Amino acid sequence: TVLAIDDFNFSMGSTSVFEPELDGAASYGNIQVGLQSANTSPLAGTIVPTTAAGFIPTAGEVFQVIPCEPPCASTIPSPTTPPEYVVQFDGASVNLVAEPFVSLSAASLDFGSVNVGSASSTLAEVVTNIGSAALTVGSDTLTGSNPSEFSISSDACTGQTINPGATCEIDLQFQPTGTGPASANLVIADDAGDSPQTVPLTGTGVAAGVSLSPNPVTFPDTGVGATSGPMSVTVLNNGSSPLVVSSFDIVGTNPGDFAGTTNCSGPVGVGESCSIDVTFTPTATGARTATLEVFDNAAGSPQTVTLNGTGIALASSVGVVSSANPSNVGQSVDFTASVGGGSGAQQPTGTLEFQSDGVDLAGCSAVPVNGSQQATCTTAALAAGNHTITAIYSGDSAFAGSSGSLTQQVNSAAATPLTLASSANPSPFSDTIVFTATVPASATGTIEFQADGVDLAGCSAVPVSGGQATC
C-alpha cells in the first residue's frame with residue numbers, strides 16, 4: 001500500500017488541490033502528486049493530512065499518480081510511462097495500491113508479403129511496465145490459426161521481472177510455407193491485472209512463379225559450322241512476388257552447339273516477362289541436343305528447356321583441270337581437282353577419287369585433299385581418243401560429297417623421222433653389214449630392225465642413244 005486514506009474520501013480544496021487524509025501523515029509530510037482517473041481531468045496539488053469530506057473514489061478505479069515539483073500546475077500532462085495505482089476499498093479504508101501494468105509498443109504486428117520458404121525481417125514487440133510494482137512475465141506463446149508460420153526469434157521477457165518503467169523485448173519473424181494470408185496471436189502471460197496480453201500477428205505468403213516457353217525449342221536444319229537465327233525463350237513470372245533470374249546455363253549432350261544471351265537483368269514483376277535468346281551452331285551432322293537451365297528464386301529452380309537441332313552437311317563442288325589438253329599418247333598429264341564450298345575456318349577435308357571413263361586411274365582412288373582444298377592425279381596411261389575424267393569428293397563431317405569432270409582428248413603419237421643407212425650396199429654374200437638408224441637427237445626409246453618383216457637376230461629392241469641405234 002502506498003497511500004492509505006482513512007475517511008474513504010478525497011477532498012477538493014479551494015485551490016484545486018486533492019487533500020486526502022493519510023495514515024501516519026506526520027511521517028510523510030506534504031507529497032507533491034497529480035491524480036488522474038478515467039472520469040476526471042488531471043489535477044495537481046499537494047496531498048496533505050485533512051479531515052474534510054470530499055470526492056469518494058469508486059472501488060477498483062484506476063488512478064495515475066504523477067510526480068511533480070511544487071508548485072504543481074492545475075493541469076498536468078501525462079508523462080510517457082507514469083506509474084499506475086489501483087484504488088481499493090476494503091470497507092474500512094480506501095487504499096491506492098501499487099500494481100504492475102503492461103503497455104505494448106504495437107497493438108498488432110503485420111509482416112506484409114514474404115516469399116514462401118523465406119523468413120521476414122524481424123519485428124519487435126516491446127513490453128513496458130507502466131505500473132508501480134514489478135511485473136513478472138511467465139511465458140510468451142503463439143496461438144491462433146497459423147502459429148507454425150510465425151516464430152519467436154528472440155525472447156528477453158519470459159521468466160523475467162520487469163521493474164516499473166523498465167522494458168523487455170520479444171522479436172518475431174514470419175516464415176510462410178504457402179501462399180496467401182496467415183495469422184496467429186502472440187500471447188504474453190504475466191501477473192498484471194489484464195493478463196494475458198494478446199498481440200495479433202498477420203502476414204501474407206507470396207511466391208515467385210515461372211513458366212518457360214516454348215519448351216522444347218527446335219531449330220531448323222542448319223549447316224555444320226553455320227549459325228542459325230536466334231530463337232527466344234520467354235521467362236514469365238506467373239507468381240505473386242518479383243522473380244529474380246540469377247543466371248542460366250546450357251548443359252547436356254551437345255552444349256557447345258548452342259549459345260544464349262538474356263535481358264533478364266533485374267527483378268521481373270508479377271505478370272511480366274523477360275527472354276533468353278538461343279542460337280544453334282552444329283559442329284557435326286545429325287541430331288544435336290542440349291538443355292537450357294534457368295536459375296531463379298522460384299520453387300523448383302533451375303527450370304529447364306530442351307534444345308533440339310539437326311546439323312546438315314554443307315554443299316560442296318568439284319572442279320577439275322588438266323595440265324595438257326589435248327595430250328598425246330604416252331604423255332604424262334596432271335589432273336587437279338579443287339573442292340569448293342568452305343568459308344573461314346570451315347573448309348572441306350577428305351579424299352578425291354579420280355576415274356577415266358568410270359574406272360579408277362592407277363594410284364588415284366583416294367587422294368587426300370590438301371590445305372588448299374585440292375588433290376592431284378598424274379597419269380600417262382591414257383589411250384588415244386576422248387576420255388571422261390571424273391573427280392569424286394568423298395565428303396566429311398561437315399561437307400556433302402560431290403563430283404566434277406572434264407573431257408580429255410588424247411592424240412596418237414606423231415611419226416618420228418628416221419633414216420636407215422647400210423655399211424655396204426650392195427654387199428658380197430656372207431659379209432658383215434652394219435645398219436644404222438638415225439632419229440632426232442631428242443628421241444628416246446628403242447628401234448626394231450627387220451629383214452623382210454622378220455626381226456633380225458638381237459635387233460628387236462635396240463636402245464636409241466644420241467639419236468642413233470645400230471644392228
Side-chain angles (χ1 to χ4, degrees), residues 316-341 348 350-395 401-427 432-471:
S316 67
S317 61
V318 175
V320 186
V321 295
S322 170
S323 62
N325 193 7
S327 63
N328 294 322
V329 171
Q331 182 179 351
S332 179
V333 181
D334 294 333
F335 296 107
T336 300
S338 299
V339 183
T351 61
L352 280 158
E353 177 184 5
F354 291 85
Q355 295 182 340
S356 174
D357 302 323
V359 179
D360 286 352
L361 291 172
C364 298
S365 61
V367 182
V369 176
N370 62 24
S372 299
Q373 292 75 57
Q374 292 181 332
T376 299
C377 172
T378 301
T379 183
L382 297 178
N386 291 331
H387 301 276
T388 299
I389 306 299
T390 304
I392 304 171
Y393 173 52
S394 63
S402 59
S403 64
S405 62
L406 60 77
T407 299
Q408 178 70 28
Q409 180 180 342
V410 180
N411 297 324
S412 299
T416 303
L418 184 149
T419 59
L420 181 64
S422 172
S423 61
N425 190 8
S427 63
T432 299
I433 303 170
V434 177
F435 297 103
T436 301
T438 302
V439 294
S442 61
T444 59
T446 61
I447 295 178
E448 179 182 5
F449 292 85
Q450 295 181 342
D452 301 323
V454 178
D455 285 350
L456 291 175
C459 297
S460 61
V462 180
V464 174
S465 177
Q468 291 184 332
T470 59
C471 172

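Worth saying up front: this structure is predicted, and the values here are computed from it rather than measured. Note that the numbering runs from 1 along the sequence shown for the chain.
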Practice task
Check the pair Val410 / Val333 against side-chain contact (heavy atoms from CB on, under 4.5 Å), numbers first and verdict last.
Solution key: CA-CA 10 Å; Val410 180; Val333 181; over 6 Å; no
[Y] and [X] side chains, donor-acceptor separation under 3.5 Å:
| X | Y | answer |
| --- | --- | --- |
| Thr436 | Thr470 | no |
| Ser402 | Ser316 | yes |
| Gln450 | Asp455 | yes |

For the [atom1] atom of [X] and the [atom2] atom of [Y], what is their distance to the nearest 0.5 Å?
| X | Y | atom1 | atom2 | value |
| --- | --- | --- | --- | --- |
| Ser323 | Gln331 | OG | CD | 7.5 Å |
| Phe335 | Thr376 | CZ | OG1 | 11.0 Å |
| Ile389 | Ser405 | CD1 | OG | 9.5 Å |
| Asn328 | Asn411 | CG | CG | 5.5 Å |

So which heavy atom on [X] is nearest to which on [Y], and how close?
| X | Y | value |
| --- | --- | --- |
| Ile433 | Ser427 | CD1-OG, 2.8 Å |
| Val318 | Ala391 | CG1-O, 3.8 Å |
| Gln408 | Ala324 | NE2-O, 2.6 Å |
| Phe449 | Ala469 | CZ-O, 3.5 Å |
| Gln374 | Ser338 | NE2-OG, 3.0 Å |
| Ser403 | Ile392 | CB-CA, 4.0 Å |

Practice task
Please examine the side chains of Leu361 and Leu382, heavy atoms only from C-beta on, and report whether any two atoms are closer than 4.5 Å.
Solution key: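 Yes, close enough: below the 4.5 Å cut-off.
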Problem - Non-hydrogen side-chain atoms of Pro348 and Val369 separated by less than 4.5 Å - result: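 Side-chain contact under 4.5 Å: no.
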Problem - Flag, side chain of Ser423 to backbone of Val434, donor-acceptor distance under 3.5 Å - result: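 Flag set: sc Ser423 to bb Val434 pair under 3.5 Å.
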Handout entry: Pair Val464-Thr444, side-chain contact (heavy atoms from CB on, under 4.5 Å): steps then yes or no
Key = CA-CA 6 Å; Val464 174; Thr444 59; 5.9 Å; no
Practice task
Please lay out, stage by stage, how Thr388 and Asp357 fare under the test side-chain contact (heavy atoms from CB on, under 4.5 Å).
Solution key: CA-CA 5 Å; Thr388 299; Asp357 302 323; 3.8 Å; yes
